[in-house]
A.B. asks: 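The structure's right below; bear with me while I get my questions together.
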Amino acid sequence: MAWQVIAAMAASTAVTLMGQRQQMKTMKNNAAWQKYENELSFQYEKQKQLKAQAKLMSKQRAYVGASGATFSGSPLIVANADFEEFENDMWYLEKRFFTQNAASNAELTGLLTAQKYKMAGTLLSGASSAASYKYPQKL
């Protein structure tokens, strides 16, 4: 009879561990989707910024051409300043993407570590329960 109870305890512990393992897989899948969504958002924002900058530069060239001035001096300085601002915006956009992914990786690592500790606790609890059933303390 004792071996049946211990086998049931072991089976219960195994099922709990399998559930916790499945939770770890779900956490990894959720993190992968989050990274994918971050990548899509980054690419969309990047394309939007590139189109806006191309329109701005075209508009500046058109205004200079319509005025009859040459594309030098003040118009060139303004265009260069706008382009430098655009490059700065793109740099920050890339850094935001990088930090979002780094934060996601750190969060996933923490969640997985916590889950591994839970698994170890479940295993120790199951072993302790089986041992206390098999070798009860005498008062």
Side-chain angles (χ1 to χ4, degrees):
M1 176 72 177
W3 68 272
Q4 293 168 335
V5 173
I6 292 174
M9 287 179 183
S12 174
T13 301
V15 169
T16 303
L17 288 173
M18 287 181 351
Q20 290 171 334
R21 183 95 170 119
Q22 186 60 40
Q23 286 177 342
M24 289 175 69
K25 288 180 183 180
T26 302
M27 289 174 193
K28 289 177 184 179
N29 288 338
N30 288 342
W33 271 109
Q34 185 178 5
K35 285 181 184 180
Y36 177 70
E37 288 174 355
N38 285 345
E39 174 74 22
L40 286 178
S41 176
F42 168 70
Q43 292 299 334
Y44 173 75
E45 190 63 34
K46 183 178 175 182
Q47 290 304 315
K48 200 164 98 174
Q49 294 278 346
L50 288 169
K51 285 180 184 177
Q53 184 64 23
K55 284 181 183 178
L56 175 64
M57 292 183 80
S58 294
K59 201 181 282 187
Q60 287 174 341
R61 284 192 299 270
Y63 288 150
V64 169
S67 71
T70 59
F71 202 69
S72 63
S74 295
L76 192 56
I77 291 171
V78 168
N80 189 39
D82 286 339
F83 191 74
E84 285 178 359
E85 184 178 339
F86 166 72
E87 286 180 327
N88 194 30
D89 290 345
M90 293 303 287
W91 186 81
Y92 280 111
L93 184 67
E94 288 179 17
K95 293 304 169 199
R96 185 180 72 197
F97 173 68
F98 173 77
T99 55
Q100 284 174 340
N101 278 344
S104 177
N105 286 342
E107 181 182 6
L108 177 63
T109 301
L111 290 172
L112 291 176
T113 301
Q115 194 66 21
K116 287 176 184 176
Y117 281 126
K118 276 186 186 176
M119 291 174 74
T122 299
L123 190 58
L124 289 174
S125 175
S128 173
S129 295
S132 67
Y133 184 81
K134 187 169 184 182
Y135 305 108
Q137 297 290 331
K138 298 208 176 189
L139 295 176

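The model shown is predicted, which means the values in this text are computed figures rather than measured ones.
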A.B. asks: What pairs with F83 under ring-ring contact (aromatic ring centres under 6.0 Å, His included), at least two apart in sequence or on another chain?
C.D. replies: F86
A.B. asks: With sequence neighbours left out, write down each residue that passes side-chain contact (heavy atoms from CB on, under 4.5 Å) with T109, or none if nothing qualifies.
C.D. replies: T113
A.B. asks: When you compare the side chain of R21 with that of Q115, does any pair of heavy atoms fall below 4.5 Å?
C.D. replies: no
A.B. asks: Kindly indicate whether the side chain of Q53, heavy atoms from C-beta on, has any atom under 4.5 Å from the side chain of L56.
C.D. replies: yes
A.B. asks: Show every ring-ring contact (aromatic ring centres under 6.0 Å, His included) that has at least one partner inside residues 12-46, sequence neighbours left out.
C.D. replies: W33-Y36, F42-F97
A.B. asks: Output all residues satisfying side-chain hydrogen bond (donor to acceptor under 3.5 Å, both in side chains) with K116, sequence neighbours left out; order by chain, then residue number.
C.D. replies: none
A.B. asks: With sequence neighbours left out, what residues match K35 under salt bridge (charged side-chain N to carboxylate O under 4.0 Å, His left out)?
C.D. replies: none
A.B. asks: Calculate, to the nearest 0.5 Å, the distance between atoms OG and CZ belonging to S41 and R96 respectively.
C.D. replies: 6.0 Å
A.B. asks: Out of curiosity, E84 CD to D89 CG, how far, rounded to the nearest 0.5 Å?
C.D. replies: 12.0 Å
A.B. asks: Taking only residues two or more places apart in sequence or in another chain, which ones pass side-chain hydrogen bond (donor to acceptor under 3.5 Å, both in side chains) with E37?
C.D. replies: none
A.B. asks: For Q100 and Q34, run side chain to side chain contact (heavy atoms under 4.5 Å, CB included): C-alpha distance rounded to whole Å, both residues' side-chain angles, the deciding distance at 0.1 Å, then the answer.
C.D. replies: CA-CA 9 Å; Q100 284 174 340; Q34 185 178 5; over 6 Å; no
A.B. asks: Starting from V78, can I reach V64 by hopping between I/L/V/M/F/W/Y residues whose side chains sit under 4.5 Å apart?
C.D. replies: no
A.B. asks: Using a 4.5 Å cut-off between side-chain heavy atoms of Ile, Leu, Val, Met, Phe, Trp and Tyr, which other residues end up in the same hydrophobic cluster as Y63?
C.D. replies: none
A.B. asks: Mind checking what makes side-chain hydrogen bond (donor to acceptor under 3.5 Å, both in side chains) contact with D82, not counting sequence neighbours?
C.D. replies: Q60
A.B. asks: Nearest 0.5 angstrom please: T122 OG1 to M18 CE, how far?
C.D. replies: 13.0 Å
A.B. asks: What residues form a ring-ring contact (aromatic ring centres under 6.0 Å, His included) with W91, not counting sequence neighbours?
C.D. replies: none
A.B. asks: CG of L111 to CD of Q23: how many Å apart, nearest 0.5 Å?
C.D. replies: 10.5 Å
A.B. asks: Who pairs with Q43 by side-chain hydrogen bond (donor to acceptor under 3.5 Å, both in side chains), at least two apart in sequence or on another chain?
C.D. replies: E39
A.B. asks: Once you round to the nearest 0.5 Å, how far does CG of N30 lie from CE of M27?
C.D. replies: 9.0 Å
A.B. asks: Begin from the C-alpha positions of L108 and L112 and carry the test side chain to side chain contact (heavy atoms under 4.5 Å, CB included) through to its verdict.
C.D. replies: CA-CA 6 Å; L108 177 63; L112 291 176; 3.8 Å; yes
A.B. asks: When rounded to the nearest 0.5 angstrom, what is the spacing between CD in E45 and CE in M90?
C.D. replies: 8.5 Å
A.B. asks: Which residues satisfy the side-chain contact (heavy atoms from CB on, under 4.5 Å) test with Q22, sequence neighbours excluded?
C.D. replies: K25, T26
A.B. asks: Which atom pairs, donor and acceptor, lie under 3.5 Å between side-chain atoms of residues 5-17 and protein residues at least two apart or in another chain?
C.D. replies:
unit_1: T13; atom_1: OG1; unit_2: M9; atom_2: O; d: 2.9
unit_1: T16; atom_1: OG1; unit_2: S12; atom_2: O; d: 2.9

A.B. asks: Are the side chains of R61 and S58 in touch, meaning some heavy atoms are under 4.5 Å apart?
C.D. replies: yes
